[in-house]
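Report on the following structure.
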There are 2 protein chains.
Amino acid sequence: MRILVIEDEPGIARFLKDGLEEEYFAVDLAFDGKNGLDMALLNEYDLLIVDWMIPGISGIEVCRQVRKSGIDVPLIFLTAKDALDDIVFGLDAGASDYIRKPFAFEELLARIRVQLRRNNPAGDQLTAGRLSVNPVTHQVLCGTGEIMLTPKEFSLLEYLVRNKEKVCTRSRIIEHVWDIHFDSDTSVIDVYINFLRKKLDQAGCGNIIQTIRGVGYIIRES
Amino acid sequence: MRILVIEDEPGIARFLKDGLEEEYFAVDLAFDGKNGLDMALLNEYDLLIVDWMIPGISGIEVCRQVRKSGIDVPLIFLTAKDALDDIVFGLDAGASDYIRKPFAFEELLARIRVQLRRNNPAGDQLTAGRLSVNPVTHQVLCGTGEIMLTPKEFSLLEYLVRNKEKVCTRSRIIEHVWDIHFDSDTSVIDVYINFLRKKLDQAGCGNIIQTIRGVGYIIRES
DNA sequence: CCTGTTCCTTAAAGGATGCTCAGGCAAAGC
DNA sequence: GCTTTGCCTGAGCATCCTTTAAGGAACAGG
């Protein structure tokens with residue numbers, strides 16, 4: 001899962017990046033509105049976190065531009081305490097949620113999870129067939145048996161399960177899981193798909209990941 | 001276990017901090033409502049102790065704001081003798097318990113323990129497999145054999161056992177056990193995990209603490 | 001049937017992370 | 001003051017994770 005944080009205070013930016021990466025998110029930082037907007041339009045994020053008070057283009061303007069471009073990504077904005085007007089304007093401008101500074105990191109995480117499961121009514125627990133993936137505890141179950149995965153393996157599986165029934169192209173996978181934005185001729189994806197298939201097979205969840213030749217991969221329920 | 005004390009009288013604040021630290025809690029102090037609220041929202045505490053009469057934002061307001069932010073931390077408030085109204089309003093505002101000044105330190109401790117075991121129906125005794133940890137007497141048993149731990153070792157084990165079956169990230173451990181809030185590249189955690197594992201091994205409780213590479217540690221029942 | 005492309009599989013190098021040990025420092029107890 | 005005890009740091013080492021590279025298999029088009 002890939003998140004863009006637009007925040008000018010280096011301390012908070014760092015804090016967010018470190019904390020989120022510990023939760024296995026791929027995090028990009030932008031330090032002003034112009035850069036942030038460019039990045040949000042150019043790349044495909046799963047979530048935006050935008051500070052309302054940033055130099056250059058304001059947070060609210062970033063939000064409007066993003067929506068105007070038809071991008072329906074969840075957007076959480078950070079606002080100063082008691083800035084009631086901000087909140088109203090913000091939600092009006094198309095933000096999905098807001099959080100007041102200072103905030104508890106746990107609360108932010110909770111709100112992020114709410115947004116990310118917008119298209120996934122089952123709650124935090126992601127499932128696909130017998131497979132069950134928990135992004136909070138980073139546990140993966142096949143039926144009742146636990147499957148041990150490394151961080152990268154987990155990120156990849158999580159992304160595929162979150163987008164189950166949809167084709168995940170190679171370039172999207174490399175962007176969302178590896179946070180690589182330029183074209184590269186690496187074969188990491190193949191290798192990790194192979195790792196995953198092996199471990200899933202061994203646990204009795206074989207043949208869940210299907211190859212779409214020339215495009216990418218897909219996980220289907222059945 | 002990490003506690004925030006919001007108390008403006010330096011004498012009482014000092015008294016609380018020293019006494020609680022003697023009991024192996026990690027204690028932060030705030031001397032007015034505004035600071036206290038910020039700290040409570042920004043960090044993740046296991047318990048709040050709030051004086052009702054503090055400069056700036058009142059204790060009751062702190063309580064309300066904390067609850068409004070969706071933080072479900074136990075909150076004990078300190079009130080003057082016979083302030084019956086305070087008590088009613090306080091519990092209404094979301095406080096978990098109260099204690100009248102002046103109070104016996106032992107009583108406060110007892111109430112703290114009640115709150116901390118809220119999510120732990122078995123009472124004070126924390127367990128994980130053959131392991132049993134008593135936060136009151138600071139005794140650790142493996143089966144029937146006692147394990148001698150230093151204060152830091154104990155705090156770490158207590159935190160892990162309290163959160164058994166959950167992944168404890170490095171940053172949460174360093175916050176709750178060491179009370180360090182900024183990122184640091186120390187390896188204290190590794191060292192103390194090592195100490196614990198050695199002692200637990202020797203007592204016959206080996207392999208209880210599992211490493212989650214890149215994230216932290218976890219204690220599991222089995 | 002041949003050929004080029006795409007994907008799978010494996011092995012091995014390099015890097016990152018965690019473990020272990022020795023030692024210094026500070027506080028507490030004698 | 002001296003010893004003991006507990007706390008923390010830093011470096012070397014071991015282990016695991018990640019990535020690259022290369023050969024072979026499967027596939028699609030001519």
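Heavy atoms only: backbone and side chains are in, while hydrogens, waters and symmetry mates are out. Being a predicted model, the structure only gives us computed values, none of them experimental.
Contact annotation for A:Phe154: no contact, since no heavy-atom pair falls under 4.0 Å across all strands. Contact annotation for A:Thr186: backbone-only contact, meaning every heavy-atom pair under 4.0 Å involves sugar-phosphate atoms and none involves a base.
Applying the 4.0 Å criterion to OP1 and OP2 of D:dA21, one finds that A:Ser187 has every side-chain N and O outside that range. Residue A:Lys152 has no polar side-chain atom (N or O) positioned under 4.0 Å from OP1 or OP2 of C:dA16. Distances shown here put every side-chain N or O of B:Trp178 at or beyond 4.0 Å from the OP1 or OP2 atom of D:dC7. Residue A:Lys198 places at least one side-chain N or O under 4.0 Å from the OP1 or OP2 atom of C:dT10. For the pair A:Arg213 and D:dA28, the criterion of a side-chain N or O lying under 4.0 Å from OP1 or OP2 is not met. OP1 or OP2 of C:dT6 has not a single side-chain nitrogen or oxygen of A:Thr211 nearer than 4.0 Å. Put simply, A:Arg170 has no side-chain N or O that comes within less than 4.0 Å of OP1 or OP2 on C:dT6.
With DNA chain D read from its 5' end, the first of the two nearest nucleotides for A:Val188 and B:Glu153 is the one closest to B:Glu153.
The CD1-P distance, from B:Ile189 to D:dT9, rounds to 11 Å in whole Å. Between B:Gln210 atom CD and D:dT15 atom C1' the separation is 17 Å, expressed in whole Å. Rounded to whole angstrom, the span from the CG atom of A:Leu149 across to the P atom of D:dC17 amounts to 10 Å. Summarising the geometry, the separation between CG on B:Asp190 and P on D:dC16 is reported as 16 Å, rounded to the nearest angstrom. Atom pair A:Ile212:CD1 and C:dC7:P shows a separation of 10 Å (rounding to whole Å applied). Whole-Å rounding puts the A:Asn194 CG to D:dA25 C1' distance at 13 Å.
In the model, A:Tyr159 has no side-chain atom that pairs as donor or acceptor with a side-chain atom of A:Asp46 under 3.5 Å.
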Let me check something: any side-chain donor-acceptor pairs from residues 205-214 of chain A under 3.5 Å, sequence neighbours excluded? List them with distances.
{"from": "A:Gln210", "atom 1": "OE1", "to": "A:Arg220", "atom 2": "NE", "distance (Å)": "3.4"}
{"from": "A:Thr211", "atom 1": "OG1", "to": "A:Arg197", "atom 2": "NH2", "distance (Å)": "3.1"}

